[in-house]
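It should be emphasised that the depicted structure is a prediction, and the values quoted were computed from it without experimental measurement. We name chains A, B, ... by the order of the sequence lines, and we start the count at 1 in each one. Only this structure's heavy atoms are used, side chains among them; waters, hydrogens and symmetry mates stay out.
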Amino acid sequence: MTGFKYGVSLYSYTDDFGTVMTLDDAFDHVADTGSTGIEILGETSVPLYPEPPVSWIDDWFAKLERYRLEPTNLACWVDTRIQIDRRMSEEEGAAQIAQDLRLAHRLGFKFIRPKFGVMDRELTPDPIWEGAIERSLDLAHQLDVVILPEIHAPTPIRHPVTEGYVAFIERTGTKHFGLMIDTGIFQDRPLDAWGGGDFEAIKKGAPEMVYGTKVPVEHLADVIQYVPFIQAKFHNIDEALHDHQIPWERIVPMLKKLGYAGYLSSEYEGRRDPWVAIEQVRRQHALLRTLEEEYDAAHGAPLAETADA
Amino acid sequence: MLERSHIQSTGFRNVGPEGARTGFEVRIRQANYRSSRLSLIEGVDIIVDGVTYPAEGNLFRLGGKEYTRDELNEATQTRLYVGDYFTVVVPKQGGLTRGVHLVGSAIRYRHPYFPPEFQPAIARNERHATIIQA
């Protein structure tokens, strides 16, 4: 039996980063959760993206070593609706992905998450996605970086978007394209705040984002073989380590049962008052570790592995 | 580092010669969680003491270069980074009076990964800010 790997996405610290938090501070907060992995957003965390100064890259690797963290996923975007009156071509999409694959490789990341522009409310990606990805597979293979589109609310697992990605994997036989699950799809109770937006307007305009997609955790079994990375999206965990929206007490046992041994990378998306995210991420780590330990205790803990380590 | 509010205290000032001001300007931090190609910013409305100055008439300045709305749409390879700010230049004969004003901003972001009907998405902010020199 193997355990989860724990990480944090710096998306969690949105609005703190650049106003009350430096990259050094962020590394310190992530490392102190006991995480082994750090996820960043290329366009947010990398100065002068896509061409950071060499001195910054040196410092990046020095920080990884000092805080004993490994780079996990580099979040990136394919801005298909690039101008008011023009959408990106397949070639431009492929060039964007190539740029992010190279940057990820240079910074030591294992995964990139390109977020494609969408066509509708179900988040159907711009049709260039398939050609742009197919043109990128050789480079991904060469650099050994895996491309992961995100299955994100309100798109469930049993849906043409997810099925289209799975069909692509099965058609190409690639090992360098997979699925990233954002645990926001399991949200089963309403949000009580929205990070940085007009909550009342969102309730009215996009109720599906407020009330939850409510995907049954059993559906993970359909796709888990293609999921090497999970963004552990959450919004509010209280003092009793009770999550108000995401049913971790069902998600964690299902992931354990399915043998998932990849990262749970915290993605806090709740109230954006200064420094709240630091504490929220810590609560999530305490909660997830408790649930994992409870599962292990009930199903034979991996004590031998712990003793060997 | 920058203030938490989108609108910054520093940088709120009149422009043009004293006695013949041509307008005022407002400094605003990147309010998005990732950097934005300038072509994804469809302009910024400014509201001062209840009067709206629509994006169509304002200029956007970044790194010493000024952009009209059409020029923003062409700037696909120039980025507004997180932790950085831009300035909105608002034409107004005579500028603003010395003192504290209620200032609002509405940045029109286009997020390609949002469904088309939610674009542009508006990032709003409001606060008091002070003009030192009329």
Side-chain angles (χ1 to χ4, degrees), chain A residues 10-23 40-50 75-88 92 114-126 150 152 154 195-198 201-202 205-206 208-209 269 272-274, chain B residues 1-9 28-43 55-56 63 67-86 104 106-126:
Chain A
L10 297 196
Y11 175 81
S12 300
Y13 305 127
T14 289
D15 280 345
D16 283 354
F17 191 76
T19 63
V20 294
M21 188 186 287
T22 64
L23 188 59
I40 70 169
L41 293 69
E43 298 189 6
T44 308
S45 313
V46 178
L48 303 182
Y49 168 92
C76 50
W77 287 262
V78 184
D79 289 321
T80 50
R81 222 170 278 274
I82 188 166
Q83 291 178 292
I84 291 178
D85 41 6
R86 186 179 78 82
R87 298 206 329 250
M88 264 187 184
E92 286 177 289
K115 207 169 176 72
F116 277 84
V118 303
M119 308 304 287
D120 55 38
R121 284 182 89 115
E122 298 193 3
L123 310 186
T124 303
D126 189 298
E150 185 177 12
H152 189 289
D198 179 341
I202 290 159
E208 65 272 32
M209 296 304 294
E269 187 176 77
R272 291 297 182 198
D273 299 322
Chain B
M1 284 196 169
L2 299 169
E3 287 175 275
R4 186 69 161 206
S5 53
H6 303 168
I7 298 167
Q8 304 290 298
S9 302
I28 300 175
R29 76 168 169 92
Q30 165 61 303
N32 195 13
Y33 69 93
R34 62 158 179 142
S35 72
S36 311
R37 299 168 188 270
L38 296 192
S39 61
L40 298 181
I41 299 176
E42 299 182 5
E56 290 73 5
Y67 299 82
T68 62
R69 288 183 77 223
D70 285 348
E71 287 163 345
L72 285 173
N73 193 42
E74 293 303 314
T76 57
Q77 303 304 318
T78 306
R79 290 178 184 276
L80 170 62
Y81 290 98
V82 173
D84 199 359
Y85 63 82
F86 59 91
I107 313 170
R108 304 181 192 175
Y109 285 109
R110 188 170 64 264
H111 301 303
Y113 55 88
F114 277 15
E117 60 263 46
F118 298 119
Q119 294 178 40
I122 314 290
R124 292 181 199 283
N125 189 223
E126 187 181 69

Next item on the list: Please determine, among B/E74, B/E42, B/R79, the option with the most heavy-atom pairs under 4.5 Å with chain A.
Entry: B/R79

Notebook entry, point to check: What option among A/P274, A/A206, A/G205 has the most heavy-atom pairs under 4.5 Å with chain B?
Noted result: A/P274

Check: Does the side chain of B/R34 reach to within under 4.5 Å of the side chain of A/T14, using non-hydrogen atoms?
Finding: no

Next item on the list: With rounding to the nearest 0.5 Å, note down the distance linking CD in A/E43 to CG in B/N32.
Entry: 9.0 Å

Checklist line | Spatial distance of atom CD (A/Q83) from atom CG (B/D70) [nearest 0.5 Å] | finding: 10.5 Å

Check: Among A/T19, A/T44, A/D16, which residue forms the greatest number of heavy-atom pairs with chain B at distances under 4.5 Å?
Finding: A/T19

Checklist line | Per-residue contact mode, A/L123 against chain B (heavy atom under 4.5 angstrom) | finding: side chain

Margin query: What part of B/R124 gets within 4.5 angstrom of chain A, counting heavy atoms only: side chain, backbone, both, or neither?
Written below: neither

Check: Would you say the side-chain atoms of A/R81 pair up with the backbone N or O of B/R110, donor to acceptor, closer than 3.5 Å?
Finding: no

Next item on the list: Quick one: sort the A/Y11 and B/Y33 rings into parallel, tilted or perpendicular, breaks at 30° and 60°.
Entry: perpendicular

Check: Can you name the closest pair of heavy atoms from B/R4 and A/D15 and give their distance?
Finding: NH1-O, 2.8 Å

Next item on the list: Counting only heavy atoms closer than 4.5 Å, note whether B/F114 contacts chain A via side chain, backbone, both or neither.
Entry: backbone

Next item on the list: Identify which part of A/M88 has an atom lying under 4.5 Å from any heavy atom of chain B, answering side chain, backbone, both or neither.
Entry: side chain

Note to self: Could you report the tightest heavy-atom contact between A/D85 and B/N73, atom names first, then the distance?
What the structure shows: OD1-ND2, 3.4 Å

Margin query: Given heavy-atom pairs under 4.5 angstrom as the criterion, report whether the side chain, backbone, both or neither of B/E117 touches chain A.
Written below: side chain

Check: Backbone N or O of A/Y49 within a donor-acceptor pair of the B/Y81 side chain at under 3.5 Å?
Finding: yes

Item checked: Min side-chain heavy-atom separation A/T22-B/M1 under 4.5 Å -> yes

Check: Pick from A/V78, A/D120, A/L41: which one has the most heavy-atom pairs with chain B under 4.5 Å?
Finding: A/D120

